[in-house]
**Q** 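Sharing a structure here in structure tokens format.
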Amino acid sequence: KTEVKYDVLIWEARAYNEMGAVSKSEEILDYLKSNKEVPKKYTAELAAVVADYYMRTGQWDEVTKWLEKAVSTAHKKRLRSRYYYILAQLAARSGDMQKAFTYYTDVLHTHPPYDLEFEATINRALLYMGDAKENQNIKKQLNKMLKPTKNIDNRDQIYYALAQIAAKEGDTTLCVKYLN
């Protein structure tokens, strides 16, 4: 009879999703989605689990809808950054590169953990969809990422992104230089 039951049900649905028992998860999620008594503090978590369910069943439009709801209700920046990153991947997968670029930018605005920041920066650079000033900032940011020693293992990705940008700009000499 307490709020904890909703938390337990959300975790139970998440566990069923992980085990691949989506039919059992669907029953719980249908109950939770239709129940008006679910406390607001569980809204983001519920939306994320529902999105995970739809991802596992291949209903991509529903995944996007529920992840956007999770982003809008999540209070922790770390979670919002993860949701934005997934939304960016989904947008890129569906071919909406401008929306993907926007979501990757949103990831960077949430000040995510470094590994997520690195991936979002690289993927955003590979899209190279901003205006001239934004694209100049992307190149500057990538060159800046080459300097710290913490990126020494990932320099290949940075040089590849710079090469892709040079190719899009039509500078084949610079592209080959970055690839080498």
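Along the sequence shown, residues are numbered consecutively beginning with 1. The structure displayed is predicted, hence computed values, not measured ones.
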**Q** Does any non-hydrogen side-chain atom of N143 lie less than 4.5 Å from one of L162?
**A** yes

**Q** Donor-acceptor check, side chain of T102 to backbone of Q98, threshold 3.5 angstrom: yes or no?
**A** yes

**Q** Give a yes or no answer on whether the side chain of D96 reaches the backbone of K99 with a donor-acceptor pair at less than 3.5 Å.
**A** yes

**Q** Between K77 and H109 (side chain of the first, backbone of the second, donor and acceptor by atom type, cut-off under 3.5 Å), is there such a pair?
**A** no

**Q** Measure from the side-chain N and O atoms of R155 to the backbone N and O of L146, and report whether any donor-acceptor pair falls under 3.5 Å.
**A** yes

**Q** Give a yes or no on whether W60 and L87 share a hydrophobic cluster (residues Ile, Leu, Val, Met, Phe, Trp, Tyr; joining criterion: side-chain heavy atoms under 4.5 Å apart).
**A** yes

**Q** Under 3.5 Å, is there a donor-acceptor pair between the E68 and Y103 side chains?
**A** yes

**Q** Scan L174, T173, N180 and name whichever one has a side-chain contact (heavy atoms from CB on, under 4.5 Å) with V176.
**A** N180

**Q** So do the side chains of I122 and Y160 get within less than 4.5 Å of each other, counting heavy atoms only?
**A** no

**Q** Y114 and N151: side-chain donor and acceptor closer than 3.5 Å?
**A** yes

**Q** Charged N to carboxylate O below 4.0 Å: is that the case for K41 and E3?
**A** yes

**Q** Would you compute the distance between atom CZ of R93 and atom CD1 of I86 and round it to the nearest 0.5 angstrom?
**A** 13.0 Å

**Q** I'd like to know if the side chain of R14 reaches the main chain of V49, judged simply by a donor and an acceptor atom lying under 3.5 Å from each other, with no hydrogens or angles considered.
**A** no

**Q** Please report the closest heavy-atom contact between L126 and A161, naming both atoms and the distance.
**A** CD2-CA, 3.7 Å

**Q** Which atom names give the shortest non-hydrogen contact between A92 and M97, and what distance separates them?
**A** O-CE, 3.5 Å

**Q** Indicate the atoms forming the closest heavy-atom contact of V63 with Y54, along with that distance.
**A** CG2-C, 3.5 Å

**Q** With the threshold set at 4.0 Å, does a side-chain nitrogen-carboxylate oxygen contact exist between E169 and K139?
**A** yes

**Q** Please report the closest heavy-atom contact between L116 and P112, naming both atoms and the distance.
**A** CD2-CB, 3.9 Å

**Q** Could you check whether D61 pairs with K65 (Lys NZ or Arg NE/NH1/NH2 to Asp/Glu carboxylate O, under 4.0 Å)?
**A** no

**Q** Out of curiosity, W66 CH2 to Y83 OH, how far, rounded to the nearest 0.5 Å?
**A** 13.0 Å

**Q** Not counting sequence neighbours, which residues clear ring-ring contact (aromatic ring centres under 6.0 Å, His included) with Y104? List them please.
**A** Y85

**Q** Do K69 and T43 have side chains that approach each other closer than 4.5 Å (heavy atoms only, starting at C-beta)?
**A** yes

**Q** Taking side chain as C-beta onward, heavy atoms only, is I165 less than 4.5 Å from Y178?
**A** no

**Q** So do the side chains of T110 and D106 get within less than 4.5 Å of each other, counting heavy atoms only?
**A** no

**Q** Taking E119's backbone N and O only, do any of them form a donor-acceptor pair with N123's side chain (distance below 3.5 Å, no angle check)?
**A** yes

